[in-house]
Amino acid sequence: MTPPPSSAADWAPAASPAARTRAAGALAALLTVFCVAAIAVPVLSVFASFLQAGDSWTTLVHLARTVMPRAALETFLLAALVTAGVALLGSTSAWLVAALEFPGRRFFEWALLLPLAMPAYIVAYAYTDFLQYAGPLQSALRAAFGWQRGEYWFPEIRSLPGAAFVFVLVLYPYVYLLARTAFLARTASMVDAARSLGLSGWATWMRVNLPLARPAVAAGALLALMETIADYGAASYFGLYTFTTSIYRAWLSLGDRLAASQLSAVLLLAVIAVMMLEERARGRARFYAAPNTARPAPRVPLRGWRAWLAVFGCCVPIALGFVAPLAILLALARPALATLSWERYLAWAGNSLTLAAAAAVATLSLVLAIAYAARLAPSARAAALAKGAARAMSLGYAVPGAVIAVGILVPLAAFDNRLDAWMKATFGIGTGLLLTGSLAALLYAYLVRYFAVAYQPVQAGLARITPSMDASARSLGATPLAVFARVHLPLLAPSALAAALLVFVDVMKELPATLVLRPFNFDTLAVVAFQFAADERLGEAAVPSLTIVAVGVLPVILLSRAIARTATPIG
């Protein structure tokens with residue numbers, strides 16, 4: 001941290017308290033209006049499709065009879081399978097490393113996060129190549145046993161259960177992260193009280209440990225559910241007819257903007273309903289953390305076959321969710337390297353890096369402005385406005401990328417068309433599409449979608465800076481901007497870097513919004529990987545996929561280091 005100046009003359013003169021109050025209040029109000037408008041534009045745009053004149057209701061009735069029943073059924077079945085799977089796998093693996101002691105436990109604590117680096121659509125490509133009829137596994141089985149087509153049964157990976165299998169493998173770390181923290185919060189007094197009441201180990205798990213971890217498991221499962229509903233790449237590749245794939249078919253294949261908008265509105269209503277049901281299910285239940293002075297519950301040491309069973313239980317999700325897809329991708333990429341156009345690859349990588357870096361800088365800048373406005377606010381009203389802005393923008397993470405893309409594209413296209421018509425009528429000059437299909441539209445979508453990803457680490461880092469530092473700097477006559485630049489920013493650097501990195505990685509692997517909003521002839525690694533896989537050119541899809549995975553490992557390393565720092569000692 002830069003040391004404070006030796007005299008007040010080195011600081012810029014501070015404004016009067018009244019002026020500072022007015023400025024902070026105006027900034028908080030401005031940011032609140034901006035954030036609410038940023039969220040409202042795509043949301044109101046998709047709902048406005050119901051109010052359009054013409055055949056809007058005819059289209060909606062047709063969709064309700066033809067598309068929606070199948071889309072609703074497949075979306076519900078996929079969501080139910082994934083929610084149950086991630087809750088079971090995530091909570092079980094979290095319990096193993098948090099409550100038991102066995103060989104390799106410290107390694108598994110962070111290794112169980114590795115599947116987070118694997119986007120679902122990339123794992124789908126890898127397992128499809130390996131498990132399909134012409135893949136190496138079935139080919140080896142036919143060669144070994146002399147089987148022919150129709151003489152044996154093998155599970156079909158390109159199916160709804162296959163998609164659920166893939167989503168569970170890559171999304172269970174959401175539950176693992178939160179459930180592990182909850183299990184570590186157990187205290188010895190809780191276990192002692194349960195045992196004193198005569199509860200067995202299984203009864204203690206069911207009546208003490210599981211209820212304490214339920215909010216964390218539910219929160220992680222809800223995140224996995226949202227990711228599943230919003231996914232397009234894996235669901236489309238597996239041939240599913242979910243709401244998200246239906247939106248893209250209506251828009252890209254059929255050219256029906258109205259149908260895509262109305263399907264987006266129905267999907268958004270479904271997401272809101274899920275969030276309300278989850279909040280209602282919690283009811284008035286409250287769960288409080290134990291005091292820091294409480295003795296943590298000791299881990300139960302395992303010996304013999306029980307220890308090896310725990311090791312096996314931790315190895316399975318890591319092997320299936322990370323090691324196996326990575327090995328398949330490496331095998332696919334090896335022959336493709338000889339024919340790869342490195343010039344095109346570098347162009348795709350450059351586009352991805354440019355978008356990711358721009359989105360990270362823009363998102364972090366807005367996050368810092370809002371978080372700092374809330375800290376500076378001299379009145380409760382100004383602070384509430386700034387915090388309200390953060391809450392409004394954080395809602396964007398719950399909005400599927402397909403809905404954001406359609407909600408942004410519709411008003412931008414209408415604006416461009418009207419501007420073009422007015423310019424032609426007035427000046428005889430056509431403007432074309434200025435905003436539609438531009439990088440600005442794409443960055444806007446990323447800002448709405450990933451604000452919450454950056455806000456949480458920055459807010460946590462800012463909360464650790466004591467107000468006494470602000471008071472000391474202000475006593476020397478420092479302006480709020482000087483306090484931020486010379487005191488807060490150096491201390492916030494690790495949190496800000498982590499926030500920017502998380503946004504960077506999310507944008508690198510983002511597919512739904514990029515597929516619709518990207519400029520013409522502007523392809524990213526995620527887009528070309530999806531296009532190659534859709535054309536069954538899995539070898540060519542492997543190289544960009546591996547690049548995305550390599551970048552995705554970065555936040556996993558950060559999370560693993562955070563876990564190592566916050567590990568609870570054994571009492």
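These numbers come from a predicted model, not from an experiment.
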### Query
Which is it for Tyr174 and Leu178 under the side chain to side chain contact (heavy atoms under 4.5 Å, CB included) test, yes or no, and what are the steps along the way?
CA-CA 7 Å; Tyr174 284 117; Leu178 299 176; over 6 Å; no
#### Entry: Closest contact, heavy atoms only, Ala164 versus Val82
CA-CG2, 4.0 Å
#### Entry: Point-to-point distance, once rounded to the nearest 0.5 Å, from CD1 of Ile157 to CG of Leu137
11.0 Å
### Task
Answer yes or no: is there a donor N or O on one side and an acceptor on the other, between the side chain of Ser236 and the main chain of Gly233, under 3.5 Å?
no
### Message
Within the 4.5 Å heavy-atom criterion, are Ile229 and Leu267 side-chain neighbours or not?
### Response
yes
### Query
Do Glu227 and Lys509 meet the salt-bridge criterion of a basic N to acidic O distance under 4.0 Å?
no
## Note on the structure
Output for pair (Arg334 CZ, Leu332 CG), nearest 0.5 Å, gives 11.0 Å
### Task
Measure the CH2-CD distance between Trp147 and Gln138 for me, rounded to the nearest 0.5 Å.
9.5 Å
### Query
Nearest heavy-atom pair of Phe322 and Leu114: which atoms, and what distance?
CD1-O, 3.4 Å
### Query
Is it true that a side-chain atom of Thr524 and a backbone atom of Ser352 form a donor plus acceptor pair closer than 3.5 Å?
no
### Message
Can you confirm whether Arg537 is buried at CZ, in the sense that more than 12 heavy atoms of other residues, nucleotides or ligands lie under 6.0 Å from that atom?
### Response
yes
### Reported OH-to-OG1 distance for the pair Tyr232 and Thr242, which is rounded to 0.5 angstrom
9.5 Å
### Task
Return the minimal non-hydrogen interatomic distance between Ala356 and Met508, and the atom names on each side.
CB-CG, 3.8 Å
### Message
Is the ring pair Phe165/Tyr127 parallel, tilted or perpendicular, if the boundaries are 30 and 60 degrees?
### Response
perpendicular
### Message
Counting C-beta onward and ignoring hydrogens, is there a side-chain heavy-atom pair between Tyr345 and Thr547 closer than 4.5 Å?
### Response
yes
### Message
Can a donor-acceptor pair be found, under 3.5 Å and without considering hydrogens, that links the side chain of Ser264 to the backbone of Val406?
### Response
no
### Message
Run the side chain to side chain contact (heavy atoms under 4.5 Å, CB included) test on Tyr172 and Leu112 for me, step by step, so that the C-alpha distance in whole Å, both residues' side-chain angles and the decisive distance to 0.1 Å come before the verdict.
### Response
CA-CA 9 Å; Tyr172 83 86; Leu112 284 164; 3.6 Å; yes
### Query
With a 6.0 Å cut-off on ring centres, are Tyr121 and Tyr237 close enough?
no
### Query
Mind checking whether Tyr248 and Thr245 have side chains closer than 4.5 Å, heavy atoms only?
no
#### Entry: Minimal non-hydrogen separation, Pro119 against Val549, with atom names
CD-CG2, 4.4 Å
### Within 6.0 angstrom of Phe312 CZ, more than 12 heavy atoms from elsewhere
no
### Query
Would you call Phe167 and Val86 a side-chain contact if the rule is heavy atoms closer than 4.5 Å?
no
### Query
OG1/Thr83 to CZ/Phe76 distance, rounded to the nearest 0.5 angstrom?
9.5 Å
### Query
Looking only at atom types and distance, does a side-chain atom of Gln132 sit under 3.5 Å from a main-chain N or O of Ala134, one as donor and one as acceptor?
no
### Query
Are Val46 and Val410 close enough that some pair of their side-chain heavy atoms sits under 4.5 Å apart?
no
### Task
Quick one: closest heavy-atom pair of Ser545 and Ala529, and the distance?
OG-CB, 3.7 Å
### Task
Using the side chain to side chain contact (heavy atoms under 4.5 Å, CB included) rule, take Tyr446 and Val503 through it: C-alpha gap first, then chi angles, then the decisive distance, then the call.
CA-CA 9 Å; Tyr446 294 151; Val503 175; over 6 Å; no
### Task
Would you check if Phe102 and Arg105 make a side-chain contact, meaning some heavy-atom pair closer than 4.5 Å?
yes
### Donor-acceptor contact below 3.5 Å, side chain Tyr241 vs main chain Val67
no
### Query
Checking Asn351 side chain against Asp523 main chain: does a donor-acceptor pair fall under 3.5 Å?
yes
### Task
Report the C-alpha distance between Val175 and Leu89 in whole Å, list the side-chain angles of each, state the deciding distance to 0.1 Å, and finish with yes or no for side chain to side chain contact (heavy atoms under 4.5 Å, CB included).
CA-CA 8 Å; Val175 176; Leu89 187 59; over 6 Å; no
### Message
Donor-acceptor check, side chain of Tyr450 to backbone of Ala445, threshold 3.5 angstrom: yes or no?
### Response
no
### Query
Side chains of Leu511 and Val527: does their closest heavy-atom pair fall under 4.5 Å?
yes
### Query
Can you tell if the side chain of Leu326 reaches within under 4.5 Å of the side chain of Leu546, non-hydrogen atoms only?
yes
### Atom pair CZ/CZ of Phe154 and Arg149 - distance to nearest 0.5 Å
13.0 Å
### Query
Can the positive tip of Arg142 be found less than 6.0 Å from the middle of the six-membered ring of Tyr133, inside 45° of the ring normal?
yes
### Where Pro173 and Leu169 come nearest, the two heavy atoms and their spacing
CD-O, 4.3 Å
### Task
Flag yes if more than 12 heavy atoms outside Trp308 fall under 6.0 Å of its CH2 atom; otherwise flag no.
no
